[in-house]
Amino acid sequence: MGRTTADDTARRSTGISRRGLFTAAGAGGIGLAVGALGTSAVNAAVSPQTPDTVVPFYGEHQAGIATEAQDRMHIAAFDVTASTRESLISLLKDWTEAIESLTRGAEIGDGATGGNYDSPPDDTGEALGLEASHLTVTIGFGRSLFTLEGVDRYNLSKHLPEALIELPHFSADALEDARSGGDLIVQACADDPQVAVHAVRNLARIAFGRARVRWSQIGFGRTSSTSTTQTTPRNLFGFRDGTANLKLEDNDLLNEHVWVSGGTGAEAWMNGGTYMVARRIRMHIETWDRSTMRDQENIIGRTKKEGAPLSGGEEFTEPDFNLQGREGPLVAVDSHVAMAHPTRNNGVQMLRRGFNYTDGSDGLGRLDAGLFFIAFVVDARTHYVPMQSAMAKNDLLAEYLRHTGSGLFAIPAGVQAGQYLGQALFDA
Amino acid sequence: MKTRILAPAAALAAAALLLTGCTDNNASADGTIKVNSTSDACEVSTTSAPGGTLNFSVTNGSDKVTEFYLLADDGLRIVGEVENVGPGLSRDLVVIAPEGNYFTACKPGMVGDGIRAAFAVTAAPAGQSVNADRAALQETAVNLYSAYVKDQTQQLVEGTTEFATAFAAGDVKKAKELYPAVRMHWERIEPVAESFGDLDPILDAREADLEKGDEFTGWHRAEKDLWAPKGYTAMTQAQRQKIADKMVANTAELNSRTQELTYTSDKLSNGAKELLDEVATGKVTGEEEAFSHTDLWDFQANVDGARIAYEDLKPLLTENDSELDQALETNFATLQGLLDQYKKGDGFVLYTELSEAQIQELSAAVDALSEPLSKLTAAVVK
């Protein structure tokens, strides 16, 4: 394969090949390979998948936010153990290179089978033969990366965005430390669970020695649609979820409610980025299943079958919160749909991108299952905290929920070829 | 087991077709009577049906909120009703009606006498007897339960006063003794107490239920002080007095509001179900009494409250669904038998003394009872 001594050294130190992106921005890698395989074979090798299963990696924003929600997710939070800023940067560079390959459906480095016979393969190989499956990998930074117990570990604290707050304790939170927080977040979504798991597994492997997994969660079944072309899926309570979600077609609304812009000085690096709220919400499935259909619909504020608001119409009919029935509004003021509605939340909206999850059963034989809630917002202080605060106290649905994990992450903007994810922060 | 209202209509329809191979002329294949309530008409798919359980599927074809009623032959007494049907939506009304003359009525806009038409219920199929006088049975059930709630609230007031006095005075031994016993009066009527959204958090919020800035008061505030965790700073006498006074005042308020409450039979059955939910989510997991670990007292009280509601409803249930009644009877007894094993003196062993296997056994018994209990409402309201 025409490897150089320098490449070998780099691979031994980081565990993956550094060829490609960061040596002559990819041109060298292709050039080397052309000699061996010929042009057409290279084109096939570089882009072996049908393009319609590939979500472009490069762009103004990271993929996996305002792109069509896939059906599967593996999300992982990492604690950074790197001893220097340079080591942390090297991790982000290696991740960027790997993610660029993974999302095109290509193998990492020398691949699962193409490397040195006496080395472990660069790619673990379980995605061989699978399509790109719309894999997107989105990364972000937790507050603790900037400052941890008062220590400025990587000389980043001056760039800590004001909006990257510590989420407050909400009423009835039952957060577990081992499911919360983290210095880095990696959200991998795909239509094939094996592809998403493959991505996280390989990124975790690349990170060994520089970052370790703090918690991770596998999700199946998206619980929101993020495009007008998608049907609205159902959550584990059996109700349509995400009918009123922001959609990727709503450009103006995304600019208002999701994308950070106009930041200056120490916070300019966040422009084009967003904030991810990640909450593991366990559902009391069994008690829900024992509640009457009447209660279920009244708690949600929509019909179960069609997802129409109880004030009438069809799924996408705007709820009429004033329409009175015998005992008050047809859509109860403390129903889930009413509590979450922009009119009750200062007009704020979120781009939700959560997933159903099931982690088997607990010791009492109950499903350990629920919703892994993910929302992208321009500022959690205005777009999540007030809403969750009100819902935790008053939402009729809250009785059936229990928040067990929590995180808030700054998601930097997308990158162009030759850059690495989060570079704006480290160049600032 | 009887067919539930919630059973998928399509599956029922398919089954009916397979069995009979034909449909009757009046109702749809599954026996459902279609009602289309428009702004100026009340289209009912049939004008007669055999006695027994009638299932009306009401669709609102108007742009107003509508209602549908089945009225007795005097045109006044309501045999069954479905309210709050939004424009374009459908709702089912399931009623038991014996042979006789009735009226159907749609009420678009929820005003006036409604758009009425005569409806005849013919003889019930052989072997089915239908008792019409359920209204009296429902009234009896509701009156019995109302009296029970008043009695428990009264005892809660007395007990809280006694507890508050001991707590404020720093009589830790007495306060600890009273704590789980007095709370049982609260836990027996928990769905009623919780229905007062302002009083419940003041009196019964756990520390985890609060968010920053909320004041921690009530039973669990006292609990934490009495069973102080490591590193906890005890309250001063003045602080204890304040908590105690607040508990007494708010319990008195609860008592006075409870006097005004009225119930319906579905509130009783839903309340019973909610009590078991409380057991399943808070008590059997040991989360309710994080400091005192007296969860089994609460457990027992929740079960007591559910059992009373069930027993009050029993006359309505035996007639409609004796099988469900039998299942509830058996499962209440099983759960009580298990709880009895952990009785100690006037109370129970602490939650922390239970083994994992014992907790699992209790939890399984709660689930076994909760499942049939969740069907109680449908069985008593029809």
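Just so we're on the same page: letters track the sequence lines, and every chain starts at 1.
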Taking CG in Asn346(A) as the centre, count heavy atoms belonging to other residues, nucleotides or ligands within less than 6.0 Å. Is the count above 12? no
Side chain from CB out, backbone as N, CA, C, O: work out which of these in Thr303(A) comes under 4.5 Å of a heavy atom of chain B, or both, or neither. side chain
N/O donor-acceptor pair under 3.5 Å between Ser374(B) side chain and Ser291(A) backbone: no
Is it true that atom CD of Glu353(B) has more than 12 heavy atoms of other residues, nucleotides or ligands lying nearer than 6.0 Å? yes
Heavy-atom distance under 4.5 Å to chain A: side chain of Leu276(B), backbone, both or neither? neither
Can a donor-acceptor pair be found, under 3.5 Å and without considering hydrogens, that links the side chain of Asn84(B) to the backbone of Arg326(A)? yes
Does any heavy atom of chain B fall under 4.5 Å from the side chain of Ser389(A), the backbone, both, or neither of them? both
Heavy-atom pairs under 4.5 Å with chain A - which of Leu373(B), Asp63(B), Thr285(B), Asp367(B) has more of them than the others? Asp367(B)
Any ion pair linking Arg294(A) and Asp92(B) (charged N to carboxylate O, less than 4.0 Å)? no
Determine the option with the most heavy-atom pairs under 4.5 angstrom with chain A, choosing from Lys64(B), Met110(B), Gln360(B), Glu356(B). Met110(B)
Interface check, chain B: of Lys305(A), Glu314(A), Glu327(A), most non-hydrogen pairs under 4.5 Å belong to Glu327(A)
Report the distance from atom CH2 of Trp288(A) to atom CG of Asp277(B), rounding to the nearest 0.5 Å. 11.5 Å
Can any side-chain N or O of His169(A) pair as donor or acceptor with the backbone N or O of Ala208(B) at less than 3.5 Å? yes
Check whether Lys212(B) gets within reach of chain A through its side chain, its backbone, both or neither, counting any heavy atom under 4.5 Å. backbone
Under 4.5 Å to a heavy atom of chain A? For Glu83(B) that would be side chain
Checking heavy atoms, do the side chain of Glu67(B), its backbone, both or neither come under 4.5 Å from chain A? side chain
Under-4.0 Å salt bridge between Lys393(A) and Asp214(B): yes
Heavy-atom pairs under 4.5 Å with chain B, option from Arg402(A), Arg366(A), Glu286(A) with the top count: Arg366(A)
Toward chain A, the part of Glu287(B) with a non-hydrogen atom under 4.5 Å: side chain
Is any side-chain N of the basic residue among Glu297(A) and Arg91(B) closer than 4.0 Å to the acidic one's carboxylate O? yes
When rounded to the nearest 0.5 Å, the distance separating NZ of Lys273(B) from OG1 of Thr292(A) is 7.5 Å
What part of Leu330(A) is in contact with chain B, defined as an atom under 4.5 angstrom from a non-hydrogen atom: side chain, backbone, both or neither? side chain
Which one of Gly363(A), Gly313(A), Pro168(A), Ser171(A) has the most heavy-atom pairs closer than 4.5 Å to chain B? Ser171(A)
If you take all heavy atoms of Pro87(B) and Leu323(A), which pair is closest and at what distance? CD-CD2, 3.9 Å
Per-residue contact mode, Leu89(B) against chain A (heavy atom under 4.5 angstrom): side chain
